[in-house]
Protein chains: 4
Amino acid sequence: MRLKDEQKIDIFFTSTLSLVGKVGLAGLTMPLIAKQSGVATGTLYIYFKNKDDLILALYKKVKNRFGATIFIGFSPELPVEEGLRVVWENSLRYVVSNFPEQVFLQQFMASPYKREDQAVAFARPVMAPLAQLLERGQREGLLKADEELLVPSLLFGFVQQIAARIHHTPAQLSKAFMDSSFRFLWDAVRA
Amino acid sequence: MRLKDEQKIDIFFTSTLSLVGKVGLAGLTMPLIAKQSGVATGTLYIYFKNKDDLILALYKKVKNRFGATIFIGFSPELPVEEGLRVVWENSLRYVVSNFPEQVFLQQFMASPYKREDQAVAFARPVMAPLAQLLERGQREGLLKADEELLVPSLLFGFVQQIAARIHHTPAQLSKAFMDSSFRFLWDAVRA
Amino acid sequence: MRLKDEQKIDIFFTSTLSLVGKVGLAGLTMPLIAKQSGVATGTLYIYFKNKDDLILALYKKVKNRFGATIFIGFSPELPVEEGLRVVWENSLRYVVSNFPEQVFLQQFMASPYKREDQAVAFARPVMAPLAQLLERGQREGLLKADEELLVPSLLFGFVQQIAARIHHTPAQLSKAFMDSSFRFLWDAVRA
Amino acid sequence: MRLKDEQKIDIFFTSTLSLVGKVGLAGLTMPLIAKQSGVATGTLYIYFKNKDDLILALYKKVKNRFGATIFIGFSPELPVEEGLRVVWENSLRYVVSNFPEQVFLQQFMASPYKREDQAVAFARPVMAPLAQLLERGQREGLLKADEELLVPSLLFGFVQQIAARIHHTPAQLSKAFMDSSFRFLWDAVRA
DNA sequence: GATGAATGAGCGTTCATTCAT
DNA sequence: CATGAATGAACGCTCATTCAT
């Protein structure tokens, strides 16, 4: 018996993201994913109950990977500005070199695939370290008061727009660019 | 085309946006649009060559409408901060009360419908007054230097995130909220 | 606009019965029905919501047609034996020249398509005249008492078996055959 | 093939009949049979060349089992009426407590699985003792002349209908019921 | 212009069957 | 022998699009 090859799932995910980057969620079909992955259509159904299932699983994976990546090198002990800079640069790097992930996340959020219950419940804890950093910054008087989640909105909105821009006219993520963009961010949020 | 027809096209657009808000671009079908609009499927093909055509036309319309709306009450003579505030508040209001438009724009940008040539070429001139305002601000030393379009990225990213947030937990667009969010924006961009 | 052609439904029914006669309910597919009917697959879905719907509609039609046919020339005023003979000969003729209908009815009854509620509820009233005839026969002391529906069981079982037999070795429905088979039936049921 | 295998085949047959009783031949799939039998799908193909083969083998088995069962306690020396009664009561008991077999036989006869050559040729010899009994009865002047196989048609049709009826409203096979039903049968066939 | 019946390609999914383990 | 992952044809069904009315 051939063993169920868990690494095949990674291939499916990679194929799917690449396709979403090209044709969007709207153009995504099971035959396309299978072809891109080099397997028969039926094979997908060995690993996923159905299309919804595949897409939801990918959502969780992507969400987790993003969460894990943006906190690389981050520690709760870091000074607020420094901690935020680490998160910012990680986000920038991640988002720029994983553009299809961004597209997927955005489209997923406004699609029939997102059935509130499962998907949203999953998203929160990933971002907890950031939330705690921001709280601390406010307590220490370093950051503006922010009861409406303006800081995360600004941060993630900013990074997404930059990613889209860079993706269309592939530029470099130079040190200078990271510095100046962080300056915008920091000036916005500091007290 | 007669007046009556133009009205019908508006109905088609309204129906389409409402549907995209519910089922996403992925779930959008011609029968659905027709039904929502109260006409037969075939009728859509009198007004649009095909589905792509309808969606591209809607894209242009929405893009224009957004451009027109955010400059209401704006004038090139306004002081920079005040001009920016007008644009910000208009954007916020528009985006919050036209959420399906936002979803549509985002999904359109990464979909099989966007065929580079036509769509992107169209987008620029709409935003010209903003670009000029920002240039002036920099010349006058009021705004940070910005060669990488960081300011529009921040502005539009910020506003989109806020829209998404508000859409999910329908809140009010209070004066206080507009003030504090503008403070974030202004602190980010000013020199 | 082309008008929905109700006589097309008859073509679908005829095709379906003919196919069931050949391949059984088990081998029945929508593409087969469409091909046999000379239309595209999609057309079937204009007239029926889905395959279940088509099959249930056919069941009702067939059941009704059988009910209508076996009472041709029958009248509640007929003497019992004569009434029963009319029904018997009608049944025999119908069943022999409509063998696919029989196959369809039998297979339908033991298939996932028969969802108790709708199908069975429909069947009863069709047979009412026969039930009344039998009751009368018992009251008049001409027929055996029969509290377990043995008479209909015998009648319909008998006729079905004859139909199957004749279908396999196509024989004639001679007057002599009808007489002698009725003799069996009548001897069985009379007091 | 070893003993162990024969047991496994029995399991497959039992599972298949049980499934046919639930979902009909139309709903019967190899994965279902395997699951119901507690083996992997592939295992079925060790014991049977393919699905057709399995079903044909089951047909032969069932046909044989029915033949064997209805002649339990029967002997060619029995008086005609008594012999017929034995067969009748055996049939009744068998058919009522093995309803899925009946469904299977009926559906098999009008299905793509029945390829004339093999299946029909098989059926005859099983019923030989009954045929002989009937011949004797006619020679002895106890039974009606019957050149068209009306007696078996009546007997098997009757028993099938009763089985279906009882299966739907699970009643008992009381002595009284067996007596009165046999009276119908006997009156029908006796000279 | 407007309709909606008709088309057939293509979707998501399941199935009979094979074969590496 | 037994397994169940893999295959790809074929299913039920929907869709974008056409066209007779």
Just checking [X]: base, sugar-phosphate only, or nothing, at a heavy-atom cut-off of under 4.0 Å?
| X | answer |
| --- | --- |
| B:T29 | sugar-phosphate |
| B:K49 | nothing |
| C:L32 | nothing |
| A:L54 | nothing |
| C:I33 | nothing |
| A:F48 | nothing |
| C:K8 | sugar-phosphate |

Parallel under 30°, tilted from 30 to 60°, perpendicular over 60°: which one fits the rings of B:F12 and B:Y47? perpendicular

Between CD1 on residue B:I9 and CG on residue B:L58, distance to nearest 0.5 Å: 11.0 Å

Residue [X], side-chain atoms from C-beta onward, closest of [options]:
| X | options | value |
| --- | --- | --- |
| B:V39 | E:dT17, F:dG12, E:dT3 | E:dT3 |
| A:I46 | F:dT14, F:dA6, F:dT3 | F:dA6 |
| B:T43 | E:dA2, F:dG12, F:dA16 | E:dA2 |

Separation of [N] [atom2] from [X] [atom1] (nearest whole Å):
| X | N | atom1 | atom2 | answer |
| --- | --- | --- | --- | --- |
| A:E6 | F:dA6 | CD | C1' | 15 Å |
| A:L25 | E:dC11 | CG | C1' | 16 Å |
| B:K35 | E:dT3 | NZ | P | 15 Å |
| A:D52 | E:dT13 | CG | C1' | 12 Å |
| C:I55 | F:dG12 | CD1 | C1' | 12 Å |
| D:L44 | F:dC1 | CG | C1' | 14 Å |
| A:I11 | F:dA6 | CD1 | P | 10 Å |
| D:D53 | E:dA16 | CG | P | 14 Å |

Taking C-beta and beyond as the side chain, do A:L17 and A:V62 meet within less than 4.5 Å on heavy atoms? yes

Taking only the side-chain nitrogens and oxygens of [X], find out if one of them lies under 4.0 Å from OP1 or OP2 of [N].
| X | N | result |
| --- | --- | --- |
| A:Y45 | E:dC15 | no |
| A:T41 | F:dG8 | no |
| A:K51 | E:dC11 | no |
| A:Y47 | F:dA5 | no |

Table please: side-chain donor-acceptor pairs of residues 50-57 of chain C below 3.5 Å, with sequence neighbours left out.
unit_1	atom_1	unit_2	atom_2	d
C:N50	OD1	C:D52	N	3.3
C:N50	OD1	C:D53	N	2.9
C:K51	NZ	C:L28	O	2.8
C:K51	NZ	C:Y113	OH	3.1
C:D52	OD2	C:R115	NH2	2.7
C:D53	OD2	C:K49	N	3.1

For F:dT21, give its Watson-Crick or G-U wobble partner with both distances under 3.5 Å, or none. E:dA2

Who pairs with F:dC11 - Watson-Crick or G-U, where each distance is under 3.5 Å: E:dG12

Can a donor-acceptor pair be found, under 3.5 Å and without considering hydrogens, that links the side chain of B:T14 to the backbone of B:D10? yes

Let me spell it out: for each of A:M30 and C:G38, pick the nucleotide of DNA chain E with the closest heavy atom. Which residue's pick is nearer the 5' end? C:G38

Test side chain to side chain donor-acceptor pair (under 3.5 Å) on D:Q106 and D:Q160; report intermediate values, then the result. CA-CA 10 Å; D:Q106 273 181 40; D:Q160 262 178 29; 3.1 Å; yes

